[in-house]
Amino acid sequence: MIRIGIVIGSTRPGRKAEGVARWAFDIALKRKDAEFELVDIADFNLPLLDEPMPAMFGQYSHDHTRAWSAKIASFDGYVFVTPEYNHSTSAALKNAIDFLYHEWNNKAVGFIAYGGAMGARAVEHLRLVMAELQVATVRAQVGLSLFTDFESFTVFKPAEMQQKNVNSMLDQVIAWSGALKPLRNK
Ligand SMILES: Cc1cc2nc3c(=O)[nH]c(=O)nc-3n(C[C@H](O)[C@H](O)[C@H](O)COP(=O)(O)O)c2cc1C
């Protein structure tokens, strides 16, 4: 069974990311074509990158890196739930991505983003980062607007169509995660 990690991309106290990720997780759990797990970066207590060797070498000197590596390696694909911070993703998510290399390779990722402009610029930025890590980014993405999917910019009340958008994105992530399997087994 294909395993998909839904990564909570903000560690900020009071973050919207957790509620959005739990909503997506509940939608995903209704599917029978993959297994899903919530992955909270905050649980791994990653400092700003503190490994002496580039991740490409896979020589990790800290337990927090080894724990993060084992978790990310256990998936066939991912969904990144990302806020938009200054037209990019969060520093917390970028830092967590930078800690690893081979664990990401030849997998697929989809995005759920939110912000004033539906997190579109955060996703565009992440697509470039994923290219370097040899992760296939799927076309379908979920863009949540702070104006229309959150009441008073705060309480998460997604428009009805967003559930369909989550499933369209998951269709592609699951298909591509499966299609890339032969490359991962090399
Ligand atoms: C440092 C920072 C920068 C931000 N920059 C943007 C931005 O460029 N575009 C945007 O639409 N929203 C921006 N926002 C608003 C966030 O999208 C919004 O606060 C969101 O709730 C943050 O996600 P989080 O609550 O999961 O951490 C920014 C927020 C912060 C804290």
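For ligands, and for the atoms within them, numbers begin at 1 and follow the listed sequence. Here the structure is a predicted model, which is why all the values come from computation and not from measurement.
Around atom CE of M118, no more than 12 heavy atoms belonging to other residues, nucleotides or ligands sit under 6.0 Å away. Atom NE2 of H125 sits in a sparse spot, with 12 or fewer heavy atoms from other residues, nucleotides or ligands closer than 6.0 Å.
For ligand 1, the atoms sitting less than 4.0 Å from at least one non-hydrogen atom of A17 are 26 (O), numbered in the order shown with element in parentheses. Proximity to G115 (heavy-atom distance under 4.0 Å) selects the following atoms of ligand 1: 11 (O), 17 (O). Of all atoms in ligand 1, listed by their number and element, those nearer than 4.0 Å to a heavy atom of R12 are 24 (P), 25 (O), 27 (O).
By the 30° and 60° cut-offs, the orientation of the rings of H62 relative to H64 is parallel. Ring planes of W23 and F156: perpendicular class, angle over 60° (limits at 30 and 60°).
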Report task. Using the salt bridge (Lys or Arg N to Asp or Glu O under 4.0 Å) rule, take R22 and D40 through it: C-alpha gap first, then chi angles, then the decisive distance, then the call. Result -> CA-CA 11 Å; R22 289 192 184 281; D40 193 347; 5.9 Å; no
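Using a 4.0 Å cut-off between charged nitrogen and carboxylate oxygen, R15 and E18 count as a salt-bridge pair. Remark: K71 does not engage E103 in a salt bridge, criterion side-chain N to carboxylate O under 4.0 Å.
At the top of the distance list for atom 29 (C) of ligand 1, counting protein heavy atoms only, stands Y85 CD2, 3.7 Å. From the protein, the heavy atom lying nearest to atom 24 (P) of ligand 1 is K16 N, 3.4 Å. Taking atom 5 (N) of ligand 1 as the reference point, the nearest protein heavy-atom neighbour is N86 N, 2.8 Å. Regarding atom 26 (O) of ligand 1, its nearest protein heavy-atom neighbour is Y114 OH, 2.5 Å.
Of the polar atoms of P83, none of the N or O atoms is found under 3.5 Å from an N or O of ligand 1, judged by distance alone.
If you look at H87 next to ligand 1, the close heavy atoms, those under 4.0 Å, come from the backbone and the side chain alike.
Closest heavy-atom approach to atom 13 (C) of ligand 1 among the candidates E84, R15, E18: E84. With distances taken over non-hydrogen atoms, the option nearest atom 11 (O) of ligand 1 out of G116, S88, S10 is G116. With distances taken over non-hydrogen atoms, the option nearest atom 18 (C) of ligand 1 out of L144, L146, T154 is L146.
Remark: aromatic rings of F153 and F147 are close, center separation under 6.0 Å.
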